[in-house]
Protein chains: 2
Amino acid sequence: MCANLPLDQILQGDCVEILERLPEKSVDLIFADPPYNLQLQKELWRPNQTRVDAVDDDWDHYDSLEAYDAFCRQWIAACRRVLKDTGTLWVIGSYHNIFRIGALLQDLGFWFLNDVIWIKTNPMPNFRGVRFTNAHETLLWVSKFKGARYTFNHHALKALNDDLQMRSDWLLPICNGPERIRHNGQKAHSTQKPEALLYRVLTAASCPGDVVLDPFFGSGTTGAVAKKLRRHWIGIEREAEYIRVAEERLAQVQPLSEEDAVYALEGRAPAKTRRLPFGRLLEAGLLQPGQSLYYRGERAQAAQVRADGRLMLDGLCASIHGLASQLSGGAPANGWLAWYYEDENQRLCVIDELRQRLLADSHGAA
Amino acid sequence: MCANLPLDQILQGDCVEILERLPEKSVDLIFADPPYNLQLQKELWRPNQTRVDAVDDDWDHYDSLEAYDAFCRQWIAACRRVLKDTGTLWVIGSYHNIFRIGALLQDLGFWFLNDVIWIKTNPMPNFRGVRFTNAHETLLWVSKFKGARYTFNHHALKALNDDLQMRSDWLLPICNGPERIRHNGQKAHSTQKPEALLYRVLTAASCPGDVVLDPFFGSGTTGAVAKKLRRHWIGIEREAEYIRVAEERLAQVQPLSEEDAVYALEGRAPAKTRRLPFGRLLEAGLLQPGQSLYYRGERAQAAQVRADGRLMLDGLCASIHGLASQLSGGAPANGWLAWYYEDENQRLCVIDELRQRLLADSHGAA
DNA sequence: ATGTCAAATGAATCAGTGC
DNA sequence: AGCACTGATTCATTTGACA
């Protein structure tokens with residue numbers, strides 16, 4: 001971690017200027033909730049003749065699509081510079097702006113990992129009945145370039161989702177009730193995001209101790225969740241009033257215990273199996289060099305174990321994973337489940353059983 | 001409708017060339033399911049739609065984005081020309097291409113009505129657990145320009161959704177089972193869309209007799225649903241094999257009866273009342289000039305009826321609607337429901353009852 | 001305290017017809 | 001095209017008043 005990174009603070013000012021003063025490749029995760037450029041047309045009234053308190057803040061106004069594009073190109077490029085090569089960027093938006101931002105991200109070399117849909121359980125209806133209820137917002141999740149390594153805590157997310165793989169559609173309520181910060185009954189910020197949304201983002205794409213940056217900090221939801229989950233955070237915000245709101249809020253956040261933060265990361269998934277190289281089976285005497293392993297348990301496809309832990313078959317030589325992949329036509333393969341050995345009773349058993357036996361032995365790990 | 005519009009046919013060829021031969025402003029609805037960003041297919045397209053044989057991987061990421069943009073700009077512009085000013089365009093895509101298309105639509109002057117998320121009940125899992133399950137596709141719905149009139153059958157959609165306003169998130173299964181067209185066990189088309197999706201699109205944004213065009217016709221789902229719902233359809237498709245599949249499919253489609261098609265359109269909408277000016281109540285003798293009407297049934301807010309059918313209160317003088325609007329602080333108001341008169345028993349009744357009485361009298365309409 | 005009902009409200013590109 | 005006039009339209013939650 002960079003020594004001169006201002007951690008766990010809110011930096012006041014224009015996000016582009018401040019980002020350009022931060023060290024490059026120093027941040028693990030960026031969550032950006034930029035102005036949406038809503039361009040509201042006129043007053044909107046409910047059928048019960050009350051007025052809708054719409055977002056009409058000055059910070060959301062741009063003169064043209066071109067002006068909005070130029071603004072976004074600047075802050076996205078500045079984010080890219082401070083992001084580690086293994087870091088990822090999230091952006092949230094609506095149809096007013098998200099297509100421009102998505103295209104810009106691709107133009108600037110980012111690589112899409114997912115677009116995630118936040119489906120609101122309780123959106124504002126379309127009062128005039130002239131369109132579909134606008135019931136969602138879109139989150140973009142991109143890595144810095146194609147092929148970049150990145151963090152995705154698959155098991156934590158799976159656990160968060162009742163042991164089903166987490167999908168790209170997230171059903172969550174809007175920020176309301178006690179969580180919504182109000183002063184004298186007025187919203188402290190017109191677009192405060194729910195903590196549940198950030199909880200999911202940070203759990204998925206960062207680890208405890210990582211640095212999470214939010215260039216449009218607002219009421220500080222990103223910081224609040226980062227602090228709770230024991231991530232470092234950096235907030236950038238222009239408006240002094242929002243900074244006061246966020247600082248008061250952050251002072252009240254209690255971080256989870258270290259164990260709980262790690263537990264939140266691992267979720268209820270089976271304890272993460274330690275990595276164990278295939279060669280350990282040879283070292284442990286569970287397999288012998290020269291012994292045959294059978295692809296998918298078929299005796300017709302026999303490979304020989306080499307002393308270095310590689311397999312040979314028909315002149316091919318590769319790891320258990322690589323050879324299985326080649327035999328399957330190139331699909332990624334888990335060699336532990338692809339290869340079978342003959343046990344003392346001449347029965348074929350999957351080699352993963354040997355790995356499990358070794359892992360269960362507390363002294364077995366390398 | 002244009003006399004020289006080739007209705008209920010599949011036109012073979014490049015969609016841009018064919019669109020440019022069709023009459024302008026002649027089509028009510030376009031549904032487009034364009035090829036995804038060709039990064040995935042490892043193909044390059046020149047701006048003139050000819051395919052570049054990409055023999056290796058050394059093509060440039062940015063060149064490919066630009067080529068895809070050029071391709072999309074052409075077909076979208078061609079669609080815009082044939083679309084009536086009151087027509088709307090739908091485009092479906094995934095994160096690979098939808099952001100480029102959304103931005104292009106805005107650049108070309110289209111106006112967003114909604115982005116709609118098709119959430120798949122049964123998506124393909126992410127087998128390697130390195131991302132979220134990509135469980136949705138995005139549909140864009142745009143009118144030709146800001147402020148354009150367009151068709152949205154609010155009541156039909158509300159009826160489709162158990163009398164709740166239809167939202168922008170649609171939960172529908174992917175096309176599978178008997179609906180999926182197969183030849184010798186092979187999918188006849190790799191991206192056949194479910195008819196339920198098109199059913200909702202056409203029900204929402206077109207009327208029986210309208211002309212629906214699909215520039216990437218494929219297996220013909222758009223045509224099949226259009227025929228069923230008694231819309232005219234035009235399909236454009238390059239591949240002869242897909243055309244054969246679609247023609248065979250369309251021959252088997254039975255249109256709904258006219259009544260069913262109209263019922264599907266109207267849903268449970270209230271019968272449309274004829275328009276009746278307030279002055280007719282005076283002419284019919286149901287109200288007298290000088291009589292008092294009470295705003296929202298409160299005797300403290302009494303307006304006087306003038307002989308010209310306007311109301312006066314506190315020096316204000318306006319129509320029943322205009323005065324109700326002013327009294328409510330500017331909200332649009334339905335005067336028929338806002339004003340009450342005193343009946344022969346000194347009870348206050350809403351003046352809409354008088355309108356209904358006059359409308360029920362078949363001779364009452366102006 | 002507890003229950004019931006009315007009022008308030010949330011990132012919104014929010015009207016249609018006829019002259 | 002522009003103007004004047006008519007009149008159709010909302011869901012899930014939370015908050016607060018009041019019994």
Side-chain angles (χ1 to χ4, degrees), chain A residues 33-57 59-62 65 68 92-98 118 120-138 173-180 182 185-187 189-194 216 218, chain B residues 85-86 106 110-115 141-143 145-152 154-155 158 161-168 269-270 272-279 309-310 318-325 331-339 352 355:
Chain A
D33 182 10
Y36 286 10
N37 192 24
L38 286 182
Q39 307 172 63
L40 71 93
Q41 302 298 302
K42 52 186 169 185
E43 283 187 341
L44 180 62
W45 295 80
R46 296 186 169 83
N48 67 5
Q49 309 214 312
T50 61
R51 200 193 310 252
V52 173
D53 178 23
V55 172
D56 59 353
D57 306 81
W59 48 255
D60 199 42
H61 290 315
Y62 293 83
L65 283 181
Y68 187 73
I92 184 168
S94 67
Y95 64 80
H96 310 85
N97 68 330
I98 203 65
W118 169 28
K120 304 178 183 184
T121 56
N122 48 351
M124 184 160 358
N126 184 293
F127 295 114
R128 311 302 294 263
V130 292
R131 302 181 180 190
F132 300 99
T133 301
N134 194 7
H136 71 275
E137 293 186 29
T138 300
I174 60 176
C175 182
N176 225 329
E179 186 186 329
R180 186 86 195 207
R182 293 175 196 276
Q186 298 288 314
K187 292 177 273 189
H189 192 283
S190 57
T191 69
Q192 185 182 343
K193 294 292 174 290
F216 306 98
Chain B
D85 283 351
T86 56
Q106 291 179 311
F110 286 96
W111 190 249
F112 264 92
L113 298 171
N114 281 110
D115 59 335
W141 182 36
V142 294
S143 64
F145 48 86
K146 175 180 173 179
R149 276 195 304 122
Y150 59 91
T151 298
F152 178 62
H154 169 65
H155 288 290
K158 194 165 173 172
N161 195 38
D162 291 337
D163 277 336
L164 286 180
Q165 189 172 80
M166 187 71 82
R167 304 166 31 126
S168 58
K272 190 166 176 119
T273 54
R274 282 167 294 171
R275 238 186 82 182
L276 187 140
F278 175 70
R310 297 169 82 83
S319 72
I320 54 171
H321 311 295
L323 192 56
S325 174
N334 182 343
W336 292 105
L337 305 176
W339 297 101
D352 196 52
R355 176 170 69 149

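A note on names: the letters A, B, ... follow the listed sequences, proteins ahead of strands, and every chain is numbered from 1.
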Can you tell me how far [atom1] in [N] sits from the matching atom in [M], rounded to whole Å?
N: D/dT9; M: C/dG10; atom1: P; result: 25 Å
N: D/dC5; M: C/dA12; atom1: P; result: 33 Å
N: C/dA8; M: D/dT10; atom1: C1'; result: 13 Å
N: D/dA12; M: C/dC14; atom1: P; result: 23 Å

Review point. If you take atom types as modelled and just measure distance, does the side chain of B/Arg149 reach the base of C/dA15 with a donor-acceptor pair under 3.5 Å?
Key: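 Result: no qualifying N/O pair found.
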Check your understanding: Per the atom types in the model, does the base of C/dA12 pair as donor or acceptor with the side chain of A/Lys42 at under 3.5 Å?
Key ->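 Side chain to base: no pair present.
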Roughly, in whole Å, what's the span from [atom1] in [X] to [atom2] in [N]?
X: B/His154; N: C/dG16; atom1: NE2; atom2: P; answer: 12 Å
X: B/Asp163; N: D/dT10; atom1: CG; atom2: C1'; answer: 13 Å
X: A/Asn176; N: C/dA11; atom1: CG; atom2: C1'; answer: 13 Å
X: B/Phe152; N: D/dT9; atom1: CZ; atom2: P; answer: 12 Å
X: A/Leu44; N: C/dC14; atom1: CG; atom2: P; answer: 8 Å
X: B/Phe278; N: D/dA4; atom1: CZ; atom2: C1'; answer: 18 Å
X: A/Lys120; N: C/dG10; atom1: NZ; atom2: C1'; answer: 8 Å
X: A/Tyr36; N: C/dG10; atom1: OH; atom2: P; answer: 16 Å

Practice item. Give a yes/no answer on whether the side chain of B/His155 brings an N or O atom under 4.0 Å of OP1 or OP2 in D/dT9. Key: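 Yes.
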Going by purine N1 to pyrimidine N3 plus the second Watson-Crick contact, or the G-U wobble pair, all under 3.5 Å, which nucleotide sits opposite [N]?
N: D/dG7; value: none
N: C/dC14; value: none
N: D/dT13; value: C/dA8
N: D/dA19; value: C/dT2

Just call it for [X]: base, sugar-phosphate, or nothing, with non-hydrogen atoms closer than 4.0 Å on any strand.
X: A/Asp56; answer: nothing
X: B/Trp336; answer: sugar-phosphate
X: A/Pro194; answer: nothing
X: B/Leu164; answer: sugar-phosphate
X: A/Asn134; answer: sugar-phosphate
X: B/Pro332; answer: base
X: A/Asp53; answer: sugar-phosphate
X: A/Ser94; answer: nothing
X: A/Arg51; answer: nothing
X: A/Arg180; answer: sugar-phosphate

Review point. Would you call the rings of A/Tyr68 and A/Tyr62 parallel, tilted or perpendicular if under 30° counts as parallel and over 60° as perpendicular?
Key: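 Judged by the thresholds at 30° and 60°, the geometry between A/Tyr68 and A/Tyr62 is perpendicular.
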Point to revise | Closest non-hydrogen atom pair, A/His61 against A/Asp56 | key: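 Closest heavy-atom pair between A/His61 and A/Asp56: NE2-O, 3.7 Å.
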Study note, to complete from the structure: Judged by nearest nucleotide, the residue sitting upstream toward the 5' end of DNA chain D, A/Met124 or B/His321, is B/His321
Check your understanding: If you pin B/Gln165 and A/Gly177 to their nearest nucleotides in DNA chain D, which one's is more 5'?
Key -> B/Gln165
Ignoring the backbone of [X], work out which of [options] is nearest its side chain.
X: B/Arg310; options: D/dA8, C/dG10, D/dC5; result: D/dC5
X: A/Phe127; options: D/dA8, D/dT10, C/dA11; result: D/dT10
X: A/Thr50; options: C/dT9, D/dG7, D/dT13; result: C/dT9
X: B/Arg275; options: D/dG7, D/dC11, C/dA11; result: D/dG7
X: A/Arg128; options: D/dT10, C/dC14, C/dT9; result: C/dC14

Review point. With a cut-off of 6.0 Å (strictly less than), are more than 12 heavy atoms of other residues, nucleotides or ligands near CZ of B/Arg149?
Key: no
Practice item. Compare all side-chain heavy atoms of B/His154 with those of B/Gln165 and state whether any distance is below 4.5 angstrom. Key: yes
Review point. Tell me, do B/His321 and B/Trp336 make a side-chain contact under 4.5 Å, heavy atoms counted?
Key: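 Side chain of B/His321 against side chain of B/Trp336, heavy atoms only: contact under 4.5 Å found.
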Check your understanding: Where each residue is assigned the nucleotide of DNA chain C containing its nearest heavy atom, which of A/Ile174 and A/Pro125 is assigned the position nearer the 5′ end?
Key ->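 Closest to the 5' end, via its nearest nucleotide, is A/Ile174.
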